[in-house]
Amino acid sequence: MAEKIKRPKARNYKGFRDTFSEDILLRRKMIETIREICERYGFSPLETPALEYVDSLGKFLPEEHTPEGGIFSFKNPDLSSGTREDHPDWWLGMRYDLTAPLARVVAQYQDLPKPFRRYQLGQVWRYEKPGPGRFREFYQFDFDSVGAASMIADAESCAMVCDMLEALGFARGDYIIQVNDRKALQGALECAGLTESDITDENSQVGVALRAIDKLDRVGRDGVTELLGKGRKDTSGDYTEGAGLDTKQIDIIHAYLDARSDSRTEVCDSLGKLVADSKIGCEGVEELRQIDSHLTDLGYSADRVRFEPTVVRGLGYYTGPVFEGIITKEIVDEKGKKRSFGSIFGGGRYDTLVQRFTGQKTPATGGSVGVDRLLAAMLLLDKKKAHNSCTTEVLITIMDKSRLTDYLQLVQKVRAAGINSEVFVGNGSIGKQLQYADRRGIPLALIAGSDEFSNGEYQIKDLELGRRLAADIEDRDEWLKGRPSQQSVKADELMSKLKELLADYRAK
RNA sequence: GCUGGGGUAGCUCAGCUGGUUAGAGCGCCGGAUUGUGGAUCCGGAGGUCGACGGUUCAAACCCGUCCCCCAGUACCA
C-alpha cells in the first residue's frame with residue numbers, strides 16, 4: 001500500500017482570480033480604447049512599483065503584528081532585528097490604489113512640469129472581504145492632473161470618461177456620471193450644526209453622517225433618517241449606531257439631498273440657497289457652477305454628467321468635487337437575474353494628498369476606471385460578440401516524425417507570412433492532433449505526410465467549417481471518409497490560401 | 001465583525017431513523033479508430049466525506065470546537 005502523499009490542493013487565495021484568454025483579449029481591447037482616449041486628453045503613461053513603503057500609501061501604519069487596515073503589508077526583509085518596528089522603513093505594503101503612489105512620485109521628483117498629467121493602468125490589492133464583484137486583486141485605470149487648480153481638470157475628467165464609455169459601445173443614456181462637491185456637502189452639515197473639520201475621522205459625527213448619506217441608495221430615505229438619528233436595525237437584526245442628530249438637523253441634510261434635478265444650474269441654485277450661511281459650502285457650490293460651465297463649453301449636458309447631491313464617495317481624501325460613473329442600462333446575467341455593477345468610475349479632487357509628503361498644498365484631481373467591473377458589464381452585455389479565445393490560427397500537424405525538418409521549416413514560413421502558427425508539440429496520432437486543434441478553437445489545420453511532400457502539396461482543413469458540417473452527420477465513417485472542409489493546395493499557393501481562409505474566418 | 005444557510009471526486013450533487021466495500025451525471029485519461037475533429041460504445045484514474053476532539057460495537061450522518069464557502073449586513077483611507 002502506497003504511503004499517503006501530501007499533495008498541495010490546487011486553489012486560489014481568497015479574492016484572487018485566474019483570468020483566461022477570452023477575458024484577457026477582451027480586456028486588452030478595452031484598455032487600448034480607453035488608453036487612446038486618455039492620451040487624446042493629454043495624459044502620459046506612468047508606472048510605479050506594486051510594493052511601497054507603507055507610510056507612502058496612507059496615513060495609517062499597520063498594527064504591530066496584525067498588519068491590516070485594508071492593505072497587504074509585510075515586514076521589510078532588508079531590515080534585521082534590532083530595528084525598531086516604528087522605523088518608517090519597517091513595513092512594506094502592496095498599493096491599494098494608484099493615487100497614493102502618484103502623490104509620492106510628485107513629491108519625490110519635484111522638478112516635474114506642473115500640472116503633471118499622467119495615466120496609469122495597474123493591479124491594486126486590498127485586504128478586505130471579497131464579495132460579488134469585489135476582489136482583493138483588481139485592475140484600475142487611473143488618470144490625474146497634479147498641480148491643477150482649475151475646475152477645467154475636473155470637468156474634463158468627467159467628459160473623458162463619457163468619451164471612453166461611448167467608445168466602448170455604451171450608448172448615451174446607458175451610463176451616467178454623477179457629480180457632487182465635498183465642500184458643498186460639508187457646508188450643508190455645517191448648516192445643520194456639524195462643524196468638526198476633520199471629515200476623515202470615521203468616528204466623528206460628520207463621518208457617521210457622511211456614511212449614512214452614502215447609503216441612501218441601499219437603505220432608502222427613511223434608512224438615512226434613522227442612521228442620522230438614533231440608529232438603524234436592518235432586516236438581519238444587525239444594529240448600526242446613528243449620528244444622533246435631531247429632527248431639525250436631519251431635515252436640513254435631507255433638504256440638501258433632495259435638491260436633485262435634471263438641470264445642473266437648478267441643483268447649484270438650490271444648494272446655493274441651502275448653504276448660503278456656510279463659507280465652505282458656498283465655495284463648494286461655486287466649484288460646481290464652474291464645472292457646469294466648463295462641461296457646457298465642452299459639450300456635455302446633464303444627460304451625461306449630472307449633479308447629484310447624494311454622492312459621497314467614501315470618507316477618503318477628497319476635498320472638493322467628487323464624481324462617480326455608473327452603468328444605468330439594465331443588465332441581466334445568464335441566469336436571468338438583474339445585475340448591477342456598482343460604480344465603474346470614481347474620482348474627485350484631493351488637494352491635500354501631496355501635502356502629506358512636502359508640506360506644500362498641491363491641488364490635484366483625477367479618477368479611476370474600475371476595469372474589471374467594466375469588463376464584467378461588457379461581457380454580459382456583449383455575450384454573443386465574445387470573440388474566439390484562441391490566438392493560434394494554424395496548427396501544423398506532425399504526421400511523419402522523420403520529416404521534422406520539413407514541419408519546422410514550414411511553420412517558420414507560415415509565421416513569416418504573419419500568420420499565428422504552431423506545430424503540435426504533444427504526443428499522439430493525427431486524430432489527437434486534430435482533436436487538440438478543435439478543442440483549442442484553432443480555425444485551420446495543415447496536414448502533410450509523405451504523399452503530400454512528394455506531390456508538393458498540403459491539406460488544409462477548415463475546422464470551423466467542419467464543426468458546422470458535423471451537425472448534420474450522424475455516421476462516423478461518413479464523417480471521416482468524406483473529409484468535409486478539407487482541401488488540397490499546391491505549395492506555392494499555400495500562403496495565399498491560408499490568408500484567404502483566415503480572412504473569411506475573421507469576417508464571419 | 002454580526003445573523004442565517006452550507007462544506008461528500010476537477011465540477012454539479014445523491015447518500016433513509018448511525019450499519020459492512022461512499023455513489024451518479026458531467027469533465028479528465030485510454031481504447032474501439034496509430035493518415036483525420038463531432039456523435040456513439042467500452043475501459044480507467046480520481047475521495048484522509050472541511051479539520052480536530054467526543055459519543056458508540058459501529059459515524060459522511062449524532063455532539064463540541066475551529067476553519068472555510070454562500071446569502072444578507074457592517075466596514076472599506
Side-chain angles (χ1 to χ4, degrees), chain A residues 3-7 9-15 54 57-62 68-71 93 95-97 99-100 103 126-132 134 136 198-203 207-208 211-212 214-215 218-219 223 227 231-241 312-318 342 346 350 352-353 356 395 397-401 424 427-452 459-486:
Chain A
E3 282 292 309
K4 259 189 290 183
I5 305 166
K6 270 255 174 174
R7 298 183 192 281
K9 184 167 172 58
R11 74 227 130 111
N12 285 100
Y13 179 55
K14 192 199 299 193
V54 113
L57 292 177
K59 61 182 174 181
F60 303 116
L61 276 168
E68 281 183 51
I71 118 169
R95 63 183 180 212
Y96 61 82
D97 69 12
T99 313
R126 293 192 181 177
Y127 182 59
E128 44 185 50
K129 184 177 157 185
R134 296 177 67 92
R136 288 178 158 190
D198 185 10
I199 59 169
T200 59
D201 179 0
E202 58 182 50
N203 295 318
V208 176
R211 247 174 298 149
D214 200 24
K215 268 171 228 162
R218 267 180 294 155
V219 301
L227 286 168
R232 174 171 186 271
K233 188 152 66 173
D234 61 52
T235 45
S236 76
D238 205 9
Y239 184 75
T240 311
E241 191 64 37
V312 177
R313 295 283 329 149
L315 286 190
Y317 37 65
Y318 294 119
Y350 48 96
T352 57
L353 213 56
R356 289 187 50 242
L395 175 76
T397 60
I398 293 185
M399 188 170 283
D400 181 351
K401 278 191 175 148
F424 185 72
N427 287 319
S429 64
I430 183 73
K432 272 196 102 110
Q433 301 187 33
L434 289 170
Q435 188 182 56
Y436 163 79
D438 186 40
R439 297 192 46 190
R440 280 268 322 260
I442 299 174
L444 298 179
L446 254 184
I447 301 171
S450 48
D451 296 351
E452 284 79 5
Q459 304 291 327
I460 301 178
K461 199 173 185 65
D462 185 336
L463 292 147
E464 185 59 30
L465 175 63
R467 248 190 293 275
R468 270 175 281 140
L469 296 176
D472 300 325
I473 300 176
E474 289 287 309
D475 180 60
R476 182 174 171 82
D477 284 340
E478 184 195 341
W479 161 249
L480 292 183
K481 303 242 167 67
R483 286 188 191 174
S485 77
Q486 187 167 328

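In what follows, every heavy atom counts, from backbone to side chain, and hydrogens, waters and symmetry copies are set aside. Numbered from 1 within each chain, the chains take letters A, B, ... in sequence-line order.
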Can you work out whether A/Ser450 or A/Lys432 has the more 5'-proximal nearest nucleotide on RNA chain B?
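Residue closer to the 5' terminus by nearest nucleotide: A/Lys432.
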
So, is [X] near the phosphate of [N], with a side-chain N or O under 4.0 Å from OP1 or OP2?
X        : N     : answer
A/Arg134 : B/C76 : no
A/Lys14  : B/C69 : yes
A/Lys215 : B/U73 : no
A/Arg232 : B/U73 : no
A/Arg313 : B/C76 : no
A/Gln459 : B/U36 : no

Would you mind telling me which of [options] lies closest to the side-chain atoms of [X]?
X        : options             : answer
A/Arg211 : B/G35, B/C75, B/A74 : B/C75
A/Asp438 : B/C75, B/G35, B/G38 : B/G38
A/Arg218 : B/A74, B/U36, B/G35 : B/A74
A/Ser429 : B/C29, B/U36, B/U34 : B/U34

Just checking [X]: base, sugar-phosphate only, or nothing, at a heavy-atom cut-off of under 4.0 Å?
X        : answer
A/Gly449 : base
A/Glu128 : base
A/Ile430 : sugar-phosphate

Could you verify whether a donor N or O on one side chain and an acceptor N or O on the other, from A/Arg136 and A/Tyr13, lie under 3.5 Å apart?
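Indeed, the side chains of A/Arg136 and A/Tyr13 share at least one donor-acceptor pair under 3.5 Å.
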
Any-strand Watson-Crick or G-U partner of B/G18, both distances under 3.5 Å:
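Because no pair has both required distances under 3.5 Å, B/G18 counts as unpaired.
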
Is there a donor and acceptor pair, one atom on the side chain of A/Gln486 and one on the base of B/U36, closer than 3.5 Å?
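Answer is yes: a donor-acceptor pair is held.
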
